[in-house]
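Here the structure comes first, spelled out in structure tokens, and everything after it is commentary.
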There are 2 protein chains.
Amino acid sequence: MDIAKQLSHIPLFQGLEPQYLETLARIAVKKFFKRGETVFAEGDPGIGFHIITSGRIKVYKTSPDGKEQILHIMSQGEPFGEVPVFTGQRFPAYAEAIADTNTLFMPRDDFMNLIRTEPSVALSMLSVLSMRLKRFTSLIEDLSLREVPGRLAAYLLYLSERDQGTDDINLEISKTQLASILGTIPETLSRILARMTREAIIESDDKRHVRICDRTAIEELAAGERRLA
Amino acid sequence: MDIAKQLSHIPLFQGLEPQYLETLARIAVKKFFKRGETVFAEGDPGIGFHIITSGRIKVYKTSPDGKEQILHIMSQGEPFGEVPVFTGQRFPAYAEAIADTNTLFMPRDDFMNLIRTEPSVALSMLSVLSMRLKRFTSLIEDLSLREVPGRLAAYLLYLSERDQGTDDINLEISKTQLASILGTIPETLSRILARMTREAIIESDDKRHVRICDRTAIEELAAGERRLA
DNA sequence: CGTGCGCTTGACTTTTTTCAATAAAGGTGG
DNA sequence: CCACCTTTATTGAAAAAAGTCAAGCGCACG
């Protein structure tokens with residue numbers, strides 16, 4: 001597919017004039033990653049960043065003994081790996097394809113040149129990084145100030161809201177990965193889902209799906225006004 | 001003092017041409033906050049950001065029951081509160097002066113105009129936000145993958161390194177605030193400092209000072225290769 | 001048709017928090 | 001300069017939350 005056309009659908013480049021899209025299209029490199037493949041590792045030098053055109057990527061940290069904390073899961077249209085482009089340092093985390101994924105790779109130097117001549121791209125990128133800081137802020141708040149049931153409740157509300165307030169939530173990821181997003185382990189998540197089911201707050205099958213039965217209870221859990229028995 | 005001169009010392013504006021410094025100086029507004037005063041609250045609209053010229057600011061989140069997680073402590077030359085400038089949304093956290101503090105306040109619209117005409121400022125700001133993302137990444141890693149002794153050890157190493165590798169570390173903040181940075185409570189921190197002292201890894205008096213006695217042990221704790229008895 | 005991975009559950013351990021009490025330090029006003 | 005009061009730090013005992021280890025189930029995939 002035509003790269004310029006793909007680029008024109010990326011939020012980061014919305015409103016960019018066609019001539020610059022052409023420039024970008026010339027410098028962008030198509031890449032493909034098989035499910036399970038590592039895109040970059042913590043400590044790798046960051047010579048550019050990726051934009052996802054299809055598939056899904058998880059960005060995560062690991063502990064010496066193998067536990068994993070997912071920082072975000074990125075899908076179509078989202079850029080990732082930009083931090084070392086602007087700090088000039090190395091990747092602070094790992095990235096791995098959790099589905100077969102196509103990306104456009106933007107080499108650092110070319111992209112920096114574009115930014116120098118095209119302020120709207122700089123502003124878009126500032127917005128992207130700021131949104132990400134905001135999300136990290138929430139994640140830190142969750143990890144530090146809430147217990148796992150509260151984090152789970154907040155996450156379910158977030159997914160529900162993103163899908164127009166539906167009660168039928170498609171997790172889209174495995175429960176093991178959900179545990180890693182919530183900063184816990186599968187056993188703990190499993191137990192808490194069981195408790196919430198027992199209290200008729202949710203229904204949960206094993207098919208990456210959760211149904212909210214008592215939204216008020218979920219909201220109270222997320223707000224810390226309620227606890228599970 | 002002359003605002004343009006103050007601005008010329010701010011890393012964010014290094015290398016900016018004098019004419020732009022003059023422009024900035026005209027739009028910047030001097031502000032003063034007394035120790036304990038709130039600079040902004042979570043949810044406030046972000047009509048601009050601050051740059052610290054003297055003093056110290058803590059940026060933090062709170063839980064319903066009053067526990068507090070410090071996101072960062074900012075001092076001279078550092079900007080804070082930029083996120084809503086670029087997201088167009090509200091402040092995602094609180095900011096409070098923990099010492100008498102002077103800032104330069106940069107109104108959003110004027111600053112955005114500067115960025116549109118001066119790419120070097122945009123690049124500086126991208127660098128600032130990227131560094132912050134990197135630090136948040138570490139904080140998330142700490143909170144999720146390490147226990148409190150490991151976090152404390154990593155923090156001590158960070159402070160030591162920042163001060164040219166000295167063994168005599170000046171915390172500069174109260175132990176209550178250190179606990180809040182580490183994502184725990186004063187009691188837990190106190191106990192862990194006591195255990196580390198008992199094992200002759202550190203010496204800790206109550207005067208915002210810690211001395212590293214066994215650096216290897218600290219490094220092993222930070223790397224998760226060792227645990228306290 | 002088995003092998004493996006994801007998920008669940010139970011029993012147990014570890015870590016951290018909570019609650020309470022005390023001690024020490026620092027600032028304020030007389 | 002001292003008494004007083006608030007804040008900060010420490011310690012113990014008990015409770016709660018989450019993690020570890022181990023076992024078992026079921027479904028998907030080769």
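In what follows, every heavy atom counts, from backbone to side chain, and hydrogens, waters and symmetry copies are set aside. In this text, all values refer to a predicted model and were calculated from it rather than measured experimentally. Proteins come first, then strands; the chains are lettered A, B, ... in the order of their sequence lines, and each starts at number 1.
Between Phe136(A) and His72(A), the ring planes are parallel. Angles under 30° get that label, and only those over 60° would be called perpendicular.
Among the nucleotides dT11(D), dT16(C), dT20(D), the one closest to any side-chain atom of Ser190(B) is dT11(D). Across dC7(C), dA20(C), dA18(D), the shortest atom-to-atom separation from the side chain of Glu187(B) is found for dA20(C). Relative to the side chain of Lys175(B), the nucleotides dT20(D), dT10(D), dA17(D) differ in distance, and dT10(D) lies closest. Minimum atom distance to the side chain of Thr188(B) is reached by dT16(C), of the listed dT16(C), dT11(D), dT9(C). The side chain of Ser174(B) has dA9(D) as its nearest neighbour among dT16(C), dT20(D), dA9(D). Side-chain atoms of Asp65(B) lie closest to dT18(C) of the nucleotides dT9(C), dT18(C), dT15(C). Across dT15(C), dT17(C), dG19(D), the shortest atom-to-atom separation from the side chain of Glu147(B) is found for dT15(C).
Within the 4.0 Å cut-off from OP1 or OP2 of dT17(C), at least one side-chain nitrogen or oxygen of Thr184(B) is found. Using a 4.0 Å cut-off, no side-chain N or O of Lys207(A) falls inside it from OP1 or OP2 of dC27(D). Between Thr176(B) and dA9(D) there is a side-chain polar atom (N or O) within less than 4.0 angstrom of OP1 or OP2.
Residue Ser54(B) forms a side-chain contact (heavy atoms from CB on, under 4.5 Å) with just one option from Thr101(B), Thr103(B), Asn102(B), Asp100(B), and that option is Asn102(B). Ser144(B) pairs with exactly one of Lys67(A), Lys61(A), Glu68(A) by the side-chain contact (heavy atoms from CB on, under 4.5 Å) rule, that one being Lys67(A).
Rounding to the nearest 0.5 angstrom, the gap separating the CD1 atom in Ile51(B) from the CE atom in Met74(B) is 11.5 Å.
The separation between Ile185(A) atom CD1 and dT15(C) atom P is 14 Å, rounded to whole Å. One atom, CZ of Arg191(A), and another, P of dC12(C), lie 13 Å apart when rounded to the nearest Å. As a whole-Å value, the separation of Arg146(B) CZ from dG19(D) P is 17 Å. Between the P atom of dT7(D) and the CZ atom of Arg208(B) lies a distance of 15 Å, rounded to the nearest Å. The CG atom of Leu143(B) sits 13 Å away from the P atom of dG19(D) (whole-angstrom rounding).
Between Pro79(A) and His50(A) there is no side-chain heavy-atom pair separated by less than 4.5 Å.
Within the 4.0 angstrom heavy-atom criterion, only backbone atoms of the sugar-phosphate kind lie near Arg227(A); the bases stay farther away.
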